[in-house]
Protein chains: 2
Amino acid sequence: MIPETKQTNEEIIPTELIIKKAVEVICGKWRMIIIHLLREKVLRYGEIKRGVPGISEKVLVHELKQLVELGMVEKESFGEVPPRVEYRLTDKGRTILPVVDLLKEIGQAFM
Amino acid sequence: MIPETKQTNEEIIPTELIIKKAVEVICGKWRMIIIHLLREKVLRYGEIKRGVPGISEKVLVHELKQLVELGMVEKESFGEVPPRVEYRLTDKGRTILPVVDLLKEIGQAFM
DNA sequence: TGTGTTACCCACCAATAGGTAAGTAAGCAT
DNA sequence: ATGCTTACTTACCTATTGGTGGGTAACACA
């Protein structure tokens with residue numbers, strides 16, 4: 001059982017740790033749905049909320065914060081009142097769109 | 001926002017529900033690691049346990065049960081003492097190997 | 001003055017996931 | 001008799017996740 005993953009001139013991280021991290025990143029009841037929503041459009045907070053029916057405000061705010069922290073989403077606040085805040089996928093966020101697509105394929109088989 | 005997924009002559013399931021189900025199926029701290037372990041070998045319970053360091057017995061047993069229920073893993077008990085039990089990936093289980101591979105690629109970027 | 005708007009925050013609660021440590025069955029070797 | 005082996009089970013506990021229902025800022029408009 002030898003770690004298979006190489007990083008040029010850097011430490012070698014065992015596959016299981018990498019998978020664990022990736023699972024951390026993509027999991028959560030709503031996260032992939034939010035990413036999927038943001039796939040083609042820049043959306044305001046309220047638009048995301050309406051696009052993810054069933055999610056609570058607390059969780060949506062928390063998810064968006066984490067997605068920003070992870071570098072997957074960018075937040076832009078315009079200093080207006082009432083407030084206007086826009087969220088858009090970053091390039092890093094786009095790297096997980098293939099996962100979303102795979103999930104769409106695979107999910108069918110388990111319905 | 002029109003549901004994009006068609007099933008010939010069957011009900012149309014909204015994309016978000018499919019993604020949600022898929023996330024349910026693949027999530028859990030250890031599940032993808034177990035699947036990855038079983039990728040090329042049929043393994044006994046104890047071998048899996050040693051291959052997933054850190055997992056508790058309770059959780060491992062529970063995960064294996066769920067994977068069997070989901071049809072992703074097959075369990076074979078030989079009526080021996082001390083017991084011998086083998087676990088192997090099913091074809092259905094193999095359908096999520098592409099997800100594991102994607103996770104391996106993506107996980108890197110978030111380490 | 002009062003109401004609506006929007007994107008939040010907060011205190012509290014419930015459900016689920018995961019961890020710990022002990023025990024069990026049944027046979028074999030000592 | 002005793003202990004070793006293996007694949008579990010059980011009771012109990014903690015941590016994380018998610019949900020509920022309220023509040024707030026700051027301005028525009030009636």
Side-chain angles (χ1 to χ4, degrees), chain A residues 16-17 19-38 41-70 72-89 110, chain B residues 16-17 19-35 37-38 41-70 72-88 110:
Chain A
E16 34 144 350
L17 286 192
I19 294 176
K20 235 174 154 180
K21 169 58 76 178
V23 167
E24 253 180 75
V25 166
I26 70 162
C27 281
K29 196 169 167 188
W30 308 102
R31 188 168 293 184
M32 289 302 98
I33 296 174
I34 295 171
I35 297 287
H36 182 248
L37 247 194
L38 287 172
K41 287 180 240 156
V42 175
L43 294 178
R44 296 181 59 170
Y45 172 81
E47 293 176 307
I48 300 176
K49 201 187 144 195
R50 284 187 293 277
V52 188
I55 195 171
S56 70
E57 299 229 330
K58 186 193 122 186
V59 170
L60 177 52
V61 169
H62 185 237
E63 280 300 307
L64 289 171
K65 243 179 211 160
Q66 284 197 235
L67 288 171
V68 169
E69 265 180 42
L70 286 165
M72 301 169 76
V73 166
E74 264 174 24
K75 174 181 179 173
E76 187 177 2
S77 296
F78 304 83
E80 308 175 0
V81 169
R84 181 158 63 103
V85 180
E86 287 182 352
Y87 293 91
R88 83 186 66 232
L89 269 193
F110 291 89
Chain B
E16 34 144 349
L17 286 191
I19 295 176
K20 235 172 153 181
K21 168 59 75 177
V23 167
E24 253 181 73
V25 166
I26 68 161
C27 282
K29 196 169 166 187
W30 308 102
R31 187 167 293 183
M32 289 302 97
I33 297 174
I34 295 171
I35 297 287
L37 248 193
L38 287 172
K41 286 179 239 157
V42 175
L43 294 178
R44 294 182 59 172
Y45 172 81
E47 293 175 306
I48 300 176
K49 201 186 143 191
R50 284 187 294 278
V52 188
I55 195 170
S56 69
E57 300 229 328
K58 187 195 119 185
V59 170
L60 177 52
V61 170
H62 184 236
E63 279 301 307
L64 289 171
K65 244 178 212 163
Q66 284 196 233
L67 288 172
V68 169
E69 265 180 41
L70 286 165
M72 301 169 76
V73 166
E74 263 173 24
K75 174 180 179 173
E76 186 176 3
S77 295
F78 305 84
E80 308 174 0
V81 170
R84 181 158 65 100
V85 179
E86 286 182 354
Y87 293 91
R88 85 187 63 236
F110 292 89

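Distances shorter than 4.0 Å separate none of the side-chain N or O atoms of K29(A) from OP1 or OP2 on dA15(C).
Residues from residues 47-67 of chain A that place a heavy atom under 4.0 Å from any atom of DNA chain C, listed by number: E57(A), K58(A), V61(A), K65(A).
Considering every non-hydrogen atom in both K20(A) and K29(B), the closest pair reads CG-O, 3.9 Å.
As rounded to whole Å, 14 Å separates atom P of dT17(D) from atom CD1 of I26(A). Between the CZ atom of F78(A) and the C1' atom of dC27(D) there is a distance of 18 Å, given to the nearest Å. Atom-to-atom, CD of E86(A) to P of dC8(C) comes out at 12 Å; the value is rounded to the nearest Å. Rounded to an integer number of Å, the gap from L43(B) CG to dA7(D) C1' is 15 Å. Atom pair R44(B):CZ and dC8(D):P shows a separation of 10 Å (rounding to whole Å applied). One can place CD of E24(B) at 12 Å from C1' of dT16(C), the figure rounded to the nearest angstrom. Rounded to whole angstrom, the span from the OH atom of Y45(B) across to the P atom of dT24(C) amounts to 18 Å. Separating the NZ atom of K75(B) from the P atom of dT6(D) is a distance of 17 Å, rounded to the nearest angstrom.
Counting heavy atoms from C-beta on, the side chains of V23(A) and I33(B) never come closer than 4.5 Å. No side-chain heavy atom of E47(B) sits under 4.5 Å from any side-chain heavy atom of K41(B). Y45(A) has its side chain within reach of E57(A): a pair of non-hydrogen atoms, C-beta onward, lies under 4.5 Å apart.
Residue whose closest nucleotide on DNA chain D sits further toward the 5' end, between P83(A) and W30(A): W30(A).
One distance of note links CZ of R44(A) with CZ of R50(A); it measures 8.5 Å at 0.5 Å rounding.
Backbone-only engagement by Y87(B) is indicated by non-hydrogen atom pairs under 4.0 Å involving sugar-phosphate atoms exclusively.
Of the candidates dG18(D), dG19(C), dG27(C), dG27(C) carries the atom nearest the V81(B) side chain, counting heavy atoms from C-beta on.
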Could you please spell out the steps behind the side-chain contact (heavy atoms from CB on, under 4.5 Å) verdict for E16(B) and H36(A)?
CA-CA 9 Å; E16(B) 34 144 349; H36(A) 182 248; over 6 Å; no
Pair I35(B), L67(B) - check side-chain contact (heavy atoms from CB on, under 4.5 Å), show working.
CA-CA 9 Å; I35(B) 297 287; L67(B) 288 172; 4.1 Å; yes
